[in-house]
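Working notes, structure below.
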Amino acid sequence: MDYDFAIIGGGSAGYAAARTAADQGLKTVVIEGGREIGGLCILRGCMPSKTLIESANRNLTLRRAAEFGLRASQLEVHAGEIIARKRRLIGEFAGYRREQLESGKFDFVRGFAKFSDPHTVEITGLDGASRALTARSFLIATGSEINKPNVPGLADCGFLTSDDILELEELPDSIIVLGAGPVALEMAHYLEALGVKVTVIQRGPHLLTGTDPDIAGALEHALRKRGLAIFTGAAILGIECPAGRKRIRFRHREEEKSLEASSLLNALGRNANIHGLALDAAAIGVERGKIRVNSHLQSGQPHVFAAGDSAGPLEIVHIAVEQGELAARNAARLLAGDPEDAFESMDYRLKLFAVFTEPQVAVAGLSEAEARDQGIDYATATHPFDDHGKSLVMGESEGFVKLMADRKSGEIIGGSVTGPHASDLIHEIVVAMAFHATAAQLANVPHYHPTLSEIWTYPAGELADSTA
């Protein structure tokens with residue numbers, strides 16, 4: 001075999017796996033076929049979107065200057081300059097990732113890979129030349145691509161994607177956003193904060209499907225106050241494009257409605273980018289559009305692992321990194337002949353995600369629905385930001401925090417926030433959960449006053465009184 005470990009995809013999961021495999025002493029290669037090097041997070045996901053959102057947040061602050069006894073007049077939005085700043089920063093991030101991939105710790109091959117058999121891939125280079133490459137084990141970490149749903153009229157009328165928004169140097173006066181997941185809402189927040197009239201159309205009963213309704217409801221309330229139009233529980237009937245505009249027909253609460261805007265954003269999710277890998281040639285199974293893996297991240301072929309968006313279950317970069325590292329360590333164990341019970345398993349107990357809207361949303365551990373499905377006897381306690389000193393001083397009174405604990409043991413099993421700096425606040429709960437802390441233990445930890453962080457002590461104290 002040419003290599004011990006071949007990684008298809010040079011994004012966050014792929015690079016993390018390559019670095020780990022090299023440290024394990026495996027002869028490793030990374031195969032990357034993308035036109036740009038860096039992976040989704042750096043090029044078209046986490047980093048560029050947050051760069052744009054930072055400009056949006058600054059503009060929101062300026063819009064509210066009078067509330068704080070200040071005057072900010074003649075505000076101007078220069079979208080081209082926002083995009084130029086994003087390109088500069090992302091160029092630096094991507095350049096550093098290229099340096100890491102070309103560091104020499106492992107081989108780096110530019111080209112598209114597809115399986116010929118379970119141990120061989122054919123690589124078509126960017127110059128069109130082809131060659132075969134063999135490996136004792138593989139990791140598939142090819143990321144995801146934008147979903148293009150079969151909505152009547154969508155393809156004919158055209159639409160923007162999140163990739164397009166990240167390059168948009170001229171903003172539309174109005175836009176309809178299809179979907180209400182993290183990407184949809186972050187782009188809606190960005191555009192509205194810069195003065196675009198935004199309408200969100202969501203099929204599900206509330207924003208952020210999979211999140212507890214009270215958390216999503218607090219975000220919806222805050223976004224409506226900002227001026228976003230939001231329709232949940234909406235069934236799209238069709239899309240038309242009269243005179244260059246976008247018109248959407250949908251059913252909402254048993255009533256047919258029609259709305260128009262100058263632009264349309266398709267943010268109806270992403271799909272695993274695995275269609276060009278010829279997985280059948282390697283007898284690798286797919287389930288619900290993703291590579292089927294076990295807890296060790298092995299596919300139906302034990303020597304072929306998968307990580308990140310290509311395998312799921314969560315499309316979150318820090319989890320993709322964790323998966324890549326774990327897959328590399330398990331590949332080393334497999335090649336060393338270790339028994340299966342020596343392999344590591346993914347543990348999603350501390351799963352964490354954040355949505356960088358304004359206000360933000362962040363969740364760690366179990367939701368209430370997940371706790372009920374698992375038959376856990378749990379208790380919850382909440383505290384609102386409109387009854388918290390530091391948030392009132394900041395003028396950030398929307399939302400609340402929620403803490404969940406096992407009623408018998410008192411151990412914290414989940415936490416969630418809709419409110420200011422939620423993406424930072426949630427890490428206090430992640431750390432507490434990592435050490436299996438109880439609500440009573442968290443309540444007894446000193447917190448400086450006045451800070452946002454001390455808001456956790458209120459639900460923690462309440463749960464301490466109602467659990468074991």
Side-chain angles (χ1 to χ4, degrees), residues 50 53-54 57-58 60-61 64 67-68 208 211-212 214-219 221-222 316 318 347-368 370-371 376-468:
K50 305 314 173 286
I53 285 171
E54 189 61 34
N57 291 346
R58 302 297 175 98
L60 279 181
T61 298
R64 298 177 56 194
E67 181 182 334
F68 298 88
L208 298 174
T211 306
D212 283 336
D214 54 351
I215 290 294
L219 175 62
H221 177 266
I316 300 172
H318 76 273
D347 179 7
Y348 299 105
R349 183 178 68 89
L350 299 179
K351 72 177 186 294
L352 166 71
F353 83 89
V355 186
F356 290 79
T357 45
E358 184 60 42
Q360 295 181 355
V361 174
V363 178
L366 296 177
S367 67
E368 290 199 56
E370 290 170 330
I376 298 173
D377 183 13
Y378 69 93
T380 66
T382 64
H383 194 84
F385 282 104
D386 66 6
D387 186 34
H388 184 56
K390 182 58 184 291
S391 55
L392 291 172
V393 167
M394 295 169 62
E396 303 289 353
S397 58
E398 294 289 340
F400 64 99
V401 297
K402 177 168 67 173
L403 203 59
M404 297 171 55
D406 186 291
R407 197 180 297 274
K408 295 179 181 177
S409 67
E411 182 177 334
I412 298 169
I413 60 172
S416 47
V417 194
T418 297
H421 298 283
S423 61
D424 296 312
L425 287 175
I426 198 65
H427 288 86
E428 182 162 352
I429 304 309
V430 176
V431 171
M433 290 179 61
F435 289 96
H436 297 275
T438 65
Q441 288 171 325
L442 176 59
N444 288 330
V445 173
H447 285 69
Y448 199 81
H449 174 77
T451 61
L452 288 176
S453 297
E454 65 178 332
I455 195 171
W456 288 117
T457 62
Y458 303 116
E462 184 178 333
L463 287 176
D465 294 335
S466 61
T467 58

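Residue numbers count from 1 along this sequence.
- Residue P459 comes nearest to L403 through the heavy atom pair CB-CB, 4.0 Å, listed as atom of the first residue, atom of the second, then distance.
- Here the closest non-hydrogen pair linking I376 and I413 is CG2-CD1, 4.1 Å.
- Atom CG of D387 is separated from atom CG of L392 by 7.5 Å, given to the nearest 0.5 angstrom.
- At a threshold of 4.0 Å, the pair K50-E54 does not count as salt-bridged, since none of the basic side-chain nitrogens sits closer than that to a carboxylate oxygen.
- Residue S416 comes nearest to V363 through the heavy atom pair CB-CG2, 3.9 Å, listed as atom of the first residue, atom of the second, then distance.
- A heavy-atom distance below 4.5 Å is found between the side chains of K351 and E370.
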In sequence, state the C-alpha distance, the side-chain angles, and the governing distance for L442 and I429, and then conclude on side-chain contact (heavy atoms from CB on, under 4.5 Å). CA-CA 9 Å; L442 176 59; I429 304 309; 3.9 Å; yes
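- By the neighbour-count criterion of 12 heavy atoms within 6.0 Å, atom NE2 of H318 is densely surrounded, having more than that number from other residues, nucleotides or ligands.
- Taking both residues in full, the closest heavy atoms of P420 and M394 are given as CB-CE, 4.4 Å, listed atom of the first, atom of the second, then distance.
- T382 is not listed as a side-chain neighbour of Y458, based on a closest heavy-atom distance of 4.5 Å or more.
- Here the side chains of T211 and F353 are in contact, with some heavy-atom distance below 4.5 Å.
- With Y378 as the fixed residue, the side-chain hydrogen bond (donor to acceptor under 3.5 Å, both in side chains) test singles out one of K408, E368, R407: E368.
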Run the side-chain contact (heavy atoms from CB on, under 4.5 Å) check on T418 and H221 step by step: do they pass? CA-CA 11 Å; T418 297; H221 177 266; over 6 Å; no
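- Considering every non-hydrogen atom in both S391 and H388, the closest pair reads OG-O, 2.9 Å.
- D212 places no side-chain N or O within 3.5 Å of a backbone atom of D214 that could act as its donor or acceptor partner.
- In this structure, Y448 places its OH atom where only 12 or fewer heavy-atom neighbours from other residues, nucleotides or ligands lie under 6.0 Å away.
- In this structure the side chain of S453 reaches within 4.5 angstrom of the side chain of L425, judged on heavy atoms.
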Could you go through I215 and L208, starting from their C-alpha distance and side-chain angles, then the distance that decides it, and tell me whether this counts as side-chain contact (heavy atoms from CB on, under 4.5 Å)? CA-CA 9 Å; I215 290 294; L208 298 174; 5.8 Å; no
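- Considering only heavy atoms from C-beta on, F400 stays 4.5 Å or farther from D386 through its side chain.
- Checked by atom type and distance alone, the side chain of H383 never pairs as donor or acceptor with a backbone atom of A381 at under 3.5 Å.
- Side-chain contact between E358 and E398 is absent, with no heavy atoms from C-beta onward closer than 4.5 Å.
- Counting heavy-atom neighbours within 6.0 Å of R64 CZ, excluding the residue itself, gives a total above 12.
- In this structure, the side chains of N57 and F356 stay at 4.5 Å or more apart for every pair of heavy atoms.
- Shortest non-hydrogen contact noted between A364 and L352 is CB-CD1, 4.1 Å.
- Rounding to the nearest 0.5 angstrom, the gap separating the CG atom in N444 from the OG1 atom in T457 is 10.5 Å.
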